[in-house]
Amino acid sequence: EPFITLSSTTSTDNSGLLDYLIPKFKNKTGIDVRVIAVGTGRALLLGERGDADIVLVHHKVSEEKFIEKGFGIERKDVMYNDYVIVGPKQDPAKIKQVKKAAKAFQLISKIQSPFISRGDDSGTHKKELELWSLTGVNIQQYSGEWYREAGAGMGATLNIANGMSAYTMSDRGTWLSFKNRDELTLLFENDPPLFNQYGIILVNPERHAHIKHKEAKLFSDWLTSNEGQQAIADFTLEGQQLFFPNAQREIATAEPH
Amino acid sequence: MNDFSHAFSKALQLIIQLDPALLEIIGLSLRVSITAVLIASIIGLPLGAALALYKFYGRGIIVALLNAFMGLPPVVVGLVVYLILSRSGPLGVLGLLFTPTAMIIAQVCLITPIVAALTRQTILDANDEYHEQLRALGAKASRMMKTLLWETRFSLMTGVFAGFGRAIAEVGAVLIVGGNINHATRVMTTAIALETRKGDIELALALGIILITISLIVTSLVMSARHAAYQYHS
Amino acid sequence: MNDFSHAFSKALQLIIQLDPALLEIIGLSLRVSITAVLIASIIGLPLGAALALYKFYGRGIIVALLNAFMGLPPVVVGLVVYLILSRSGPLGVLGLLFTPTAMIIAQVCLITPIVAALTRQTILDANDEYHEQLRALGAKASRMMKTLLWETRFSLMTGVFAGFGRAIAEVGAVLIVGGNINHATRVMTTAIALETRKGDIELALALGIILITISLIVTSLVMSARHAAYQYHS
Amino acid sequence: MLHTNTIVDMSSTGALPLQITNLQIAKKGNLLLNEVSLKIESNDVTIVLGPNGAGKSLLLRAAHGLEAPNKGTIKWNAHQPEPQHAWRSYIFQKPVLLRRSVRANLEYVLSLHDVNKSDYDSLISAALEQTGLSKIADRNARVLSGGEQQRLNIARAWVLQPKVMLLDEPTAELDPSGTAVIERLIETIAQQGTKIIMTTHDLGQAHRLANDIIFLHQGCLIEHTTAEKFFEHAETKLARNFIAGELLTEDLST
Amino acid sequence: MLHTNTIVDMSSTGALPLQITNLQIAKKGNLLLNEVSLKIESNDVTIVLGPNGAGKSLLLRAAHGLEAPNKGTIKWNAHQPEPQHAWRSYIFQKPVLLRRSVRANLEYVLSLHDVNKSDYDSLISAALEQTGLSKIADRNARVLSGGEQQRLNIARAWVLQPKVMLLDEPTAELDPSGTAVIERLIETIAQQGTKIIMTTHDLGQAHRLANDIIFLHQGCLIEHTTAEKFFEHAETKLARNFIAGELLTEDLST
Ligand SMILES: Nc1ncnc2c1ncn2[C@@H]1O[C@H](COP(=O)(O)OP(=O)(O)OP(=O)(O)O)[C@@H](O)[C@H]1O
Ligand SMILES: Nc1ncnc2c1ncn2[C@@H]1O[C@H](COP(=O)(O)OP(=O)(O)OP(=O)(O)O)[C@@H](O)[C@H]1O
Ligand SMILES: [Mg+2]
Ligand SMILES: [Mg+2]
């Protein structure tokens, strides 16, 4: 049976979105999609080395570099989701009342309440660091004290946050599908800086002869088509829509040389 | 302790339901690890015996390497096998990455040192007793090796169990070279890691209980076979 | 193969630089795994010997369990220890979660079965030779156990190596109960996993090479000590 | 030098008489000892004779508590034998020596029973001297010659100076003078009140040492009588043939 | 039944004469064989005598190629000994039997050399019969009695029907009739042209079997002479004392 290999991030996979989309695509085209869920960095590396046919990640800077270097040939916006800040129910830093994410971070740093960072250079981690830089707090100096870098995926980071009754920042999808919550609860959401754009990139078939370019393009096209976009919008977890389709324009393209 | 009783009932429930997805994962786990342990034994038993019996320059270094390689980190083994099998790697053309074959290769690398090092020690101990006698009877080194492997076969099994245990339990290597692809390369350990990531600790534990039960069944079956054979031969 | 030579030179570079962050991680790896292997030996050596020597109802089941437990999945062990040590768990008040102590506990659970099962086999083989004689001399069971452990001490070392190898190489359990927290619970294997996540395979491999080198140094040191002692005693 | 009965407390369980009643031992369907009954009362040298495979070792093993009877009983002064009893020692036909020095092998035996540490040196020196091992006391036991190992085997059984010694072919590998030394040692030991029960294939030795003879064949007790009577006019044809060195072809099982 | 020289190709490396020149073997600083030189030419029974620890086993081991000389040479018809030679077999004072049946132990030896499979049955039956083991051919070798194990040990050395047999105390644990059987077997073998070199502590046996005697003491060759001469009027006082069963107290190393 024909299949393509898609490398993506664990947070995307954890949400269940791909499990929802792939059968629909397979139904239509007969092509299966095999998902390798890894960190952003390694997802791109898999594409670079020709081990995946297509890449679905969410860190625009890295994605553009990927295209520039000729590893990928076509990047399309697909959708966005958003990040939320979660923490212990008691909310010792009182971030529930504030309106800006940076403000929330500032309050956390003020009382030096435990905060778990992904600490793995992932898209999520970079976004978190951006927010810290907005607060003016030099967060590195607290590393190993109340600011803890887990160097782990989103799920593992949430597990640790739960275990330590700490704050952390998570993508909404992982948070909603995450079960080991105990005292952990959602405390802050819906601030535009927390939005998170996803892009899909075709791996350059010129670099690797075996790449299933045609089938991969079918998937990319389907995902950005009206049908695919609708499917993304239809996907809900616990009654909430997680991903918001926005595939209206192409960000960067490069024809195969 | 509530967590544990929940996990147990969940495990029971999964088993009773005979969930086909679960059966598929269990089947692949067993197929990969049993194949790996067979290949590792085919390499490791004679290798360990040879290191016990043959004296040659550099043997000490190889033995030290073998003992240290019992501590090969699965992730590192996974990475190395990945680089070799990756499309850009030397064996990329074979297209083995993200297949059960790749997982078997990685596990063989992980457990061959274990089987070999433990075999070496067992043969070394037996050799103390047998060496002179077999030599005096006229056995050449290669024959002596075979004889000692046969005479100690019941003891060697424990080393093979250790290898099987390592294989069926490890997740780092199979995750990297297999990719934990649903319906293709998902095995028990990668499924457990996945559920853990999702925070579904109950399901992860239930799967863990099932995995341990399977190990227990496999080991018990082999042990009873060994016991029966041992009774028969003495 | 370019990847590998890059990784090697990177490893060399890291070692030459004596990067304090790296030294910290190496130190914690060794501290955790050596402590775990010592504790596992203190439990596993007598346990394995007792299972080889004492006959009691249910021994067969315990032995089968032990053999199967050589295949305990690190992630599952990590989860169980996590649940026990977590704030809402039975030992939550101790506040051990995400500390090196928690990592040691998890590794002890993982490797005690390995040390015990391999010890059992070694003692069983030696018992064949010694049992009748020691009994006739008047040795009681407990004394016989001590004598056999002592007479086979050089062989038992290989089982301890296997345990150490498993401990120093595993990542699943320490990641869950330690958390891979920078400057607190980050060890070599969790650091390797992290670099792998980041896609920095070169650095991950370099760290892997360093880890294997450390295992090699530790095993070689112990092996030479064993060799010297063996020469002295025969 | 010999100070039997002072080393360890031997009073708890008695020694002689040894009373064996209807002893039966079978393994894997083979009846190896068959309805053996006998009584040993006097404090001297009893020798068990019989062809290879007659069951001599088995009988001694059972008397030391190393084999559980399938039927029948073995009683030392009404007590069942336990290998731990310090008043009785046993030497194997094929000894296993510990991987340590000759001296350390003897020390080990003392450490198994509660002997005063201060007595170690004198007891070990006595045993080494009497078995002619003093010179090689520090050699590793595993590299000794066959005869030297056998001497150590005997020294190990004697070091506790027990009330009863069960010896399975103690001189099989000894040279003539070694044999003479051990025979003299056995006589001395016996004279000082230690009961000796031993096996041998050396009829001359049996003649020289034995007060009474137990003659086994195919697991059956054929004769138990004084040495004099046995060698002069044995009752059974089997025994007479055995003494004459002839092959015993009768098959008792048919 | 005996058809020496037909079983395996024994032509490649010669057998007699055995020429030992200035043989010296030392272990851990102890000189265990010291400048031993001797020549054995005739196809009969040579017996090595000497007290425990004299170096008898060591000499036989060296002659089978199991010990490398520190100095000097050992040549069988100008060839160095290798344990693999099928024309020569060796039995240990302390044999190790494989964990399988008596018959399988013999089969194993045949399988080590290129013997025709079709000859297995007849060779094995012959060896079993001549050592009196036919009845227990299927018993596990590890549960045999001491004497039965020794018979198997001899059967194993004889099954290939070699040109030279080196026997280290072959009858130490045998009963009188077993000893007689083996002695007769050794005589028959020797008469048919197989060279026997053996050790024993049984002077009577040496008397009965030996054509010539090698007498060792503390690693030195004291006498090598005909049996007659040795037992009637030995040259050295050491040998005369040994024959008389006296303790040899002279220390040659001082
Ligand atoms: N590997 C070794 N290291 C040290 N000493 C050894 C070694 N092997 C043998 N010996 C010593 O060499 C001497 C000769 O040993 P060997 O076995 O040849 O004696 P033997 O004449 O056969 O005596 P026996 O009649 O007791 O069998 C003995 O004193 C023994 O302790
Ligand atoms: N565990 C066993 N299973 C089966 N047969 C056994 C076992 N142990 C001993 N036998 C058999 O029992 C018989 C008696 O053995 P035992 O060792 O008592 O003989 P023995 O009289 O001491 O002979 P030897 O003079 O050769 O030492 C032998 O035929 C032996 O093969
Ligand atoms: Mg016996
Ligand atoms: Mg000898």
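Note on naming: letters A, B, ... go to the chains in the order of the sequence lines (proteins, then strands), and numbering restarts at 1 for each one. No hydrogens, no waters, no symmetry mates; every other heavy atom, side chains included, goes into these values.
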For the atom pair CG (C:Leu97) and CD1 (C:Ile84), what is the distance rounded to the nearest 0.5 Å? 11.5 Å
Select one option (side chain, backbone, both, neither) describing which atoms of [X] are under 4.5 Å from chain C's heavy atoms.
| X | result |
| --- | --- |
| B:Thr219 | side chain |
| B:Asp125 | side chain |
| B:Ser155 | both |
| B:Val218 | neither |

Test item: [X] and [Y] side chains (from C-beta on) under 4.5 Å apart, heavy atoms:
| X | Y | value |
| --- | --- | --- |
| B:Leu96 | B:Leu91 | no |
| C:Thr189 | C:Val174 | yes |
| C:Thr185 | C:Thr190 | no |
| C:Ile212 | B:Pro73 | yes |
| B:Val76 | B:Leu72 | no |
| C:Ile176 | C:Val81 | no |

Looking only at heavy atoms and a cut-off of under 4.5 Å, which of B:Val171, B:Thr196, B:Thr213 has the most pairs with chain C? B:Thr196
Any residues in residues 157-170 of chain C near chain B, with a heavy-atom distance under 4.5 Å, and which are they? C:Thr158, C:Phe161, C:Ala162, C:Gly165, C:Arg166, C:Ile168, C:Ala169
Identify the residues of residues 106-115 of chain C whose heavy atoms come closer than 4.5 Å to a heavy atom of chain B, ordered by number, or report 'none'. none
With chain C as the partner chain, list the residues of residues 198-210 of chain B whose heavy atoms fall under 4.5 Å from it, by residue number, and write 'none' if nothing qualifies. B:Ile201, B:Ala204, B:Leu205, B:Gly208
Does B:Val77 form a side chain to side chain contact (heavy atoms under 4.5 Å, CB included) with B:Phe69? I'd like the steps, not just the answer. CA-CA 10 Å; B:Val77 170; B:Phe69 280 8; over 6 Å; no
Heavy-atom donor-acceptor pair, B:Ser33 side chain to B:Leu30 backbone, under 3.5 Å: no
Between the side chain of C:Arg186 and the main-chain N/O of C:Ala191, is any donor-acceptor distance below 3.5 Å? no
Part of C:Val80 lying under 4.5 Å from any heavy atom of chain B: both
Kindly give the heavy-atom pair with the smallest separation between [X] and [Y], and that separation in Å.
| X | Y | value |
| --- | --- | --- |
| C:Leu85 | C:Ala102 | CD1-CB, 3.6 Å |
| C:Met188 | C:Leu22 | SD-CD1, 4.2 Å |
| C:Glu151 | C:Tyr130 | OE1-OH, 2.7 Å |
| C:Ala126 | C:Leu148 | CB-CD2, 4.1 Å |
| C:Val187 | C:Ile25 | C-CG2, 3.2 Å |

Against chain B, work out which of C:Asn67, C:Ile192, C:Val75, C:Leu118 has the most heavy-atom pairs shorter than 4.5 Å and name it. C:Asn67
Side-chain donor/acceptor pairs under 3.5 Å, residues 55-65 of chain C, sequence neighbours excluded:
from	atom 1	to	atom 2	distance (Å)
C:Arg59	NH1	C:Leu51	O	3.2
C:Arg59	NH1	C:Tyr54	O	3.0

